[in-house]
Amino acid sequence: MEGMKLERWLTSVLFLIVATVSNALGAFVGVNIGTDVTDLPSASNLVAILKAHQITHVRLYDANEHMLQALSKTGIEVIVGVTDEEILGIGESASVAAAWISKNVAAYMPFTNITAISVGSEVLTLVPKVAPVLVPAMNHLHKALVASNLNFRVKISTPQSMDIISRPFPPSTATFNSSWNSTIYQLLQFLLNTNSSYMLNAYPYYGYTRGDGIFPIEYALFRPLSPVKQIVDPNTLFHYNSMFEAMVDATYYAIEAFNFNNIPIVVTETGWPSFGAVNEPDATEKNAETYNNNLILRVLNGSGPPSQPKIALNTYLYELFNEDKRKGPISEKNWGIFYANGSSVYPFSFSASNQSNGNSLGSFCVAKDDSDTDKLQAGLSWACGQGQANCVAIQPGRPCYFPNNVKSHASYAYNDYYQKMHNAGGTCDFDGTATTTTEDPSYGSCIYAGSANSSFGGRSSSSAAIGLGPVSPVGVGAGLNLQVSSFQYLISSIGVLFALMMS
């Protein structure tokens, strides 16, 4: 009996440590795994593809036993799905919910790193008849987690589309469709009570293609907007550089309209199709490549949307493979980022640093010698903020801090932005204060992005990995060292605990 108590206690501590490690790693981009694929790889081969591409977070639309077994001991964080067909039974019976948790969650933990359960997919808009039992189903599942001592590790939510939000722009005035008021209120109360996230499916592709030209395509693809095309919320004066961020912010404001706060959003689906029919001209490989690569750069920046800058935009791409067996238009079958053999549909990386290795441009972007100081400062602020340049290296104590003047700092920030965003339409202008040069501006230990002297293009691989983007100049080094050392300590602790549990 004492041995069983010790094992349960050690297991609980292990869950806590794993959760702490996950939180320490910062912003992430995961991937959805759909299975309507003719030549779907085996579970073991599929997991090998995930590992090869350093994918650390996945969402399953069901609780497939082969996938959950194959994901065991990989450390990959997993969202398991309750299918739409299962919701009714779980919502009507606590015992059915308990059996579901026992079979599909508890049976695989702790070795399969299940961190969340998604209940259905866009139930309110796609399966409205199930809506009355949606939140009861979530409550039954949560009580089953509590009974299994898993509620602190596994969270429950339900992905919803942007369609339940009336008039999402401007974001500050967005509200949920009033016909769902009762269900939405219950859902938000549940998420707050259980410390869970709101799951959002956000698709700028549809926002753009159904918008009848209201917004420029640059806005949908995370491309820089010219001054005359800037998208501004007239109520908050927040500038939105992407439709994706505006969609997330609209959801935050809709939640706030119900007088709820402190409910973070995780984007459970987003992406862009790489092929479509003649009447789907925007579903192209180039647009898909641009959207997904720019999305990753934006998310791994680590900051949130304008209204919630401190809450990371954690996101799951839709999707791993093209689902050729899906019904609907041609574009519906072509959202995949990999082929079944693991090769990429287009140039693509889940790592922000890998997207800027080497200088394929053959040039660098630096500040002009005779530029106005105020304009340089404005350009520097934009590059490190809205432009999403990684400006860690120009903070105090970092390699590019000296010389400590606005021209030097602007040159570093301008170039970091230019190397990452040139292929997506980014320019080297910055209100006339920048110019390109073929001479490498790196000096000493200050290595500029794109330099042949660094395999990471002058970017700190550690800071990129944990989502450090534009940061406060105070205490950057100390914070980074603390996170890394804490991570190493926690990994060691996991090893010790596993040894104790297995002995």
Judged by atom type as modelled, is there a donor-acceptor pair below 3.5 Å linking the side chain of E323 to the main-chain atoms of T35?
yes

Indicate yes or no for a side-chain donor-acceptor contact from E280 to the backbone of A277 under 3.5 Å, with no hydrogens or angles considered.
yes

Under 3.5 Å: donor-acceptor pair, side chain of T112, backbone of L71:
no

Sidechain-backbone polar pair: N193 side chain, Q189 backbone, donor-acceptor under 3.5 Å
yes

List in chain and number order the residues that pass salt bridge (charged side-chain N to carboxylate O under 4.0 Å, His left out) with E332, two or more places apart in sequence or in another chain; answer none if no residue qualifies.
R326

Are L124 and N177 side-chain neighbours, meaning at least one heavy-atom pair lies under 4.5 Å?
no

Given side chain to side chain contact (heavy atoms under 4.5 Å, CB included), test Y198 with Q160 step by step and report yes or no.
CA-CA 8 Å; Y198 182 97; Q160 300 300 331; 3.6 Å; yes

Just by modelled atom types, is the A98 backbone N or O under 3.5 Å from a matching donor or acceptor in the S102 side chain?
no

Has F258 got more than 12 heavy atoms of other residues, nucleotides or ligands less than 6.0 Å from its CZ?
yes

ring-ring contact (aromatic ring centres under 6.0 Å, His included) partners for Y316, two or more places apart
F28

Does S303 offer a backbone N or O that forms a donor-acceptor pair with the side chain of R298 under 3.5 Å?
yes

For K51, does the NZ atom have more than 12 heavy-atom neighbours from other residues, nucleotides or ligands under 6.0 Å away?
no

Would you tell me whether Q54 and T56 have side-chain atoms, one donor and one acceptor, within less than 3.5 Å of each other?
no

Residues in side chain to side chain contact (heavy atoms under 4.5 Å, CB included) contact with A250, at least two apart in sequence or another chain:
M162, P168, P171, A174

Value rounded to 0.5 Å, distance of CD1 in I49 from OG in S44:
10.0 Å

So, does N334 use its side chain to make a donor-acceptor pair with the main chain of S274 at under 3.5 Å?
no

Partner of M138 under side chain to side chain contact (heavy atoms under 4.5 Å, CB included), picked from I117, V82, T194, T158, is T158

Just verifying a value: how many Å separate W180 CH2 and D163 CG, rounded to the nearest 0.5 Å?
12.0 Å

Would you call the rings of Y205 and W335 parallel, tilted or perpendicular, taking 30° and 60° as the class edges?
perpendicular

Against N113, only a single residue in E77, H57, R153 fulfils side chain to side chain donor-acceptor pair (under 3.5 Å); can you say which?
R153

Rounded to the nearest 0.5 angstrom, the OH-OG1 distance for Y318 and T268 is 12.0 Å

Find the distance between CZ (F190) and CG (N139) and round it off to the nearest 0.5 Å.
5.5 Å

Report the C-alpha distance between H66 and S42 in whole Å, list the side-chain angles of each, state the deciding distance to 0.1 Å, and finish with yes or no for side chain to side chain contact (heavy atoms under 4.5 Å, CB included).
CA-CA 9 Å; H66 300 296; S42 66; over 6 Å; no

Decide side chain to side chain contact (heavy atoms under 4.5 Å, CB included) for Y108 and V80; before the verdict, give the C-alpha distance in whole Å, the side-chain angles of both, and the deciding distance to 0.1 Å.
CA-CA 11 Å; Y108 298 98; V80 295; over 6 Å; no

Got a donor-acceptor contact below 3.5 angstrom from the D416 side chain to the C391 backbone?
no

Run the side chain to side chain contact (heavy atoms under 4.5 Å, CB included) check on S121 and R59 step by step: do they pass?
CA-CA 12 Å; S121 183; R59 175 186 171 212; 3.9 Å; yes

Without swapping roles, check the side chain of N201 against the backbone of P159 for a donor-acceptor pair under 3.5 Å.
no

Let me confirm one number: the CZ-OH distance from F321 to Y339, rounded to the nearest 0.5 Å.
12.5 Å

Tightest non-hydrogen contact, residues P306 and E245, listed as CD-OE1, 4.0 Å

Tell me, yes or no, whether the heavy-atom count around Y185 atom OH, taken from other residues, nucleotides or ligands under 6.0 Å, exceeds 12.
no

Between N322 and G336 (side chain of the first, backbone of the second, donor and acceptor by atom type, cut-off under 3.5 Å), is there such a pair?
yes

How long is the straight-line distance from OG1 of T83 back to CG of L60, given to the nearest 0.5 Å?
13.0 Å

